[in-house]
> 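Quick one: the structure is below, and I'll ask about it shortly.
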Amino acid sequence: MPATNTASTYGTVTKAFHWLTALLILTVIPLGLIAEDLAFDAPLKVPLFSAHKTLGVIIFFVALARILWALTQTKPGDLHPDRRLETLVAHIVHWLLYVALVVVPLSGWLHHAATSGFAPIWLPIGQSLPFIPQNEKLAEIFSGLHWVWSKILIASILLHIAGALKHQIIDKDATLSRMWFKQSQVPDTSEREKAILAPIFALGIYIVAAGGAAAAGMLSHGDREPAVVLEQVTSDWMVTDGTIGITVRQLGNPVSGQFDDWTAVIDFDPNATGTLGHVTTTIAIGSLHLGSVSDQAMGADFFAADAFPTATFDADITADGGTYLATGTLKIKDITLPVTLPFVLNLEGDTAEMAGSLALDRRDYQIGQSMADESSLGFDVGVNINLTATR
C-alpha cells in the first residue's frame, strides 16, 4: 500500500492523519461537554478541562501537519462528479472540517492564554502565548468564538458521518473503502471538480457565525448584572483613580482580578494627633473580575453575591513612623472580623497617593468551604489597594 495518494485512493499517511484526527476529535468533544456540565467544585472538573485543552493543542498541531501534507499530495477524484449539488455539499463539509481543525483549537488556546487560572495545559508549552496579553475582554472574545465555532465543528462531523454512511449503505460505493487501510479495488476517479465555491462558502459560514455571536453579545460577558450598583458618595477626600485587586492561588497558579465598583468615604487630616481620620469603603462584590473564575466566585460556596452583595471595610487611620495604618473591621458575607491595613502615603498639597496590601484567609469568611485542600485553592488571598484622592 503506497504512502502517498493516487488519483483514485489515499495513501497510508493521509489515512493515518484522518483516523488519528477522528480519534482525537471524538475524545476531546465529550471531555469538554462533560467538564462544562460538572459543578465548579467537582473533583473531576479541572482535570477533565485540562485534558480537553491539552488534546486541543495537540489537535491544532496535528491539523497543521495534515494540511501541510495534503498540500504535497494528489487529491483523489470525486466518485460521483455528475451529482453536482451533492458533490458541492460534500466539498463544503470537508472545508468546514478543515477550517474547524485549525480555528476551534486555536480559539480555545488563545482563550486559555488570555485568561488566568483554571485547568492548566499538560504540556511544556502553551500556558501563555506571545503577543496575547492576559486580558479578560480578549479572553471573552476567544471564548465566544471557541463556543460558536465548536458547534460548527460538531455539525460538520455529524454531516460527514451521515455522508459516509449514505455512501456505504445506500450508494455502496468506494468512499469508505479508499480511506481504510485494507487494500481494495477502487475505480479510477481522476475527474475532480475544481470547486472554488466550497472553501468560500465554508469560510463565509465561520465569518457569519462570528458576526452573529458578536451581535448576540456572546463575545462579551460584560452584561453580568451585579446584585447591587453602588451610589456615588461625598467625602472630604474624593477618590479620582484607584484599584482594589485580589490575588488567589488556584492549582498553585496565581489568579488576579479586581473589583470595578466600590466607594470610599475618607476623612483624613495629616496634621492631627492620634487618630488622623476614618475611612469607610463599600465594595460591590458582583463587580469582581477574576480571570476565568469570575462567575464561579459569585456562587453560594464563595462570595454568595446574591445574598451578600457588598463588603465593607471600616477603619480608623493612624500613623506608625513612616507607615500609616487603617485599623478596623472587614465585613464579607455576614462575617465581620478585625483587620489592619498598612499603607504608604504620598502627600503633595491636596493630592494623596496611597498604596497598601494585606493577606486574608478565605476560610475566616467561609469562602470555598468545599475546597478544604489548599492545593486546589490557596487559603491566603492577597489584597492590593492603590488609589489617588484629592481634598
Side-chain angles (χ1 to χ4, degrees), residues 1-29 56 58-106 149-209:
M1 186 181 299
T4 57
N5 296 356
T6 69
S8 60
T9 192
Y10 296 96
T12 53
V13 175
T14 299
K15 292 176 181 180
F17 271 129
H18 176 274
W19 293 109
L20 174 61
T21 303
L23 177 63
L24 290 171
I25 288 293
L26 294 179
T27 302
V28 77
I29 291 176
I58 293 172
I59 289 169
F60 174 75
F61 286 111
V62 169
L64 290 184
R66 180 179 180 180
I67 291 170
L68 291 174
W69 173 256
L71 291 175
T72 69
Q73 297 298 297
T74 300
K75 183 73 172 178
D78 299 314
L79 287 174
H80 305 287
D82 53 310
R83 304 177 189 175
R84 300 183 66 85
L85 180 58
E86 179 182 321
T87 300
L88 176 61
V89 171
H91 288 179
I92 291 172
V93 171
H94 280 123
W95 274 100
L96 287 172
L97 286 170
Y98 296 150
V99 175
L101 292 177
V102 174
V103 301
V104 172
L106 179 60
W149 286 343
S150 67
K151 301 307 175 283
I152 298 177
L153 169 61
I154 292 172
S156 302
I157 290 171
L158 294 176
L159 289 172
H160 184 64
I161 293 173
L165 292 175
K166 185 259 186 187
H167 282 286
Q168 183 70 18
I169 297 172
I170 298 176
D171 296 337
K172 301 184 185 301
D173 58 27
T175 297
L176 191 57
S177 299
R178 66 179 182 177
M179 187 52 79
W180 192 242
F181 294 97
K182 183 179 179 181
Q183 185 70 43
S184 59
Q185 290 297 115
V186 180
D188 185 1
T189 54
S190 58
E191 182 181 352
R192 182 171 182 85
E193 182 180 357
K194 302 297 184 181
I196 192 64
L197 286 178
I200 294 175
F201 200 90
L203 288 172
I205 289 175
Y206 281 95
I207 293 171
V208 169

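Heads up: numbering here begins at 1 and tracks the sequence.
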> On a heavy-atom basis, which atom in His80 and which in Asp171 lie closest, and how many Å separate them?
NE2-OD2, 4.4 Å

> When rounded to the nearest 0.5 angstrom, what is the spacing between OG1 in Thr21 and CD1 in Ile58?
12.0 Å

> Quick one: which of Thr72, Thr14, Thr12, Thr74 gives a side chain to side chain donor-acceptor pair (under 3.5 Å) with Asn5?
Thr14

> Could you go step by step and tell me if Ile157 and Ile29 meet the side-chain contact (heavy atoms from CB on, under 4.5 Å) rule?
CA-CA 11 Å; Ile157 290 171; Ile29 291 176; 3.8 Å; yes

> Return the set of residues passing side chain to side chain donor-acceptor pair (under 3.5 Å) with Glu86 (not counting sequence neighbours), or none when no residue passes.
Lys166

> Output all residues satisfying side chain to side chain donor-acceptor pair (under 3.5 Å) with Tyr206, sequence neighbours left out; order by chain, then residue number.
none

> To check you understand the geometry: which heavy-atom pair defines the closest contact between Pro76 and Ser8, and what is its length?
CB-C, 4.0 Å

> At what distance, to the nearest 0.5 angstrom, does OG of Ser156 lie from NE2 of His94?
10.5 Å

> Say you draw a straight line from OH of Tyr10 to CE of Met179; how long is it, rounded to the nearest 0.5 Å?
4.5 Å

> Give me the one residue out of Val103, Val102, Val104 that meets side chain to side chain contact (heavy atoms under 4.5 Å, CB included) with Phe60.
Val102

> With rounding to the nearest 0.5 angstrom, report the CG to CD1 distance, Leu20 to Ile59.
9.0 Å

> Hey, could you give me each pair passing salt bridge (charged side-chain N to carboxylate O under 4.0 Å, His left out) that has a residue in residues 95-105? Not counting sequence neighbours.
none

> Check whether Thr9 reaches the backbone of Arg178 with its side chain - one donor and one acceptor, N or O, closer than 3.5 Å.
yes

> Which heavy-atom pair separates Ala174 from Leu79 by the least distance, and what is that distance?
C-CD1, 3.8 Å

> Would you compute the distance between atom OG1 of Thr6 and atom CD of Gln73 and round it to the nearest 0.5 angstrom?
10.0 Å

> If you round to the nearest 0.5 Å, how far is CD1 of Ile25 from CG of Leu97?
8.5 Å

> Does the plane of the ring in Trp95 sit parallel, tilted or perpendicular to the ring in Tyr98? Use 30° and 60° as the thresholds.
perpendicular

> Please find the pair of heavy atoms, one from His18 and one from His160, that lie closest to each other, and give the distance.
NE2-NE2, 3.9 Å

> After noting the C-alpha distance and the side-chain angles of Thr87 and Asp78, does the key distance pass the side chain to side chain donor-acceptor pair (under 3.5 Å) rule?
CA-CA 7 Å; Thr87 300; Asp78 299 314; 5.2 Å; no

> Looking at every heavy atom in both Thr175 and Asp173, which two are closest together, and how far apart are they?
OG1-OD1, 3.0 Å

> Can you name the nearest heavy-atom pair linking Pro105 to Ala100, along with the distance?
CD-O, 3.3 Å

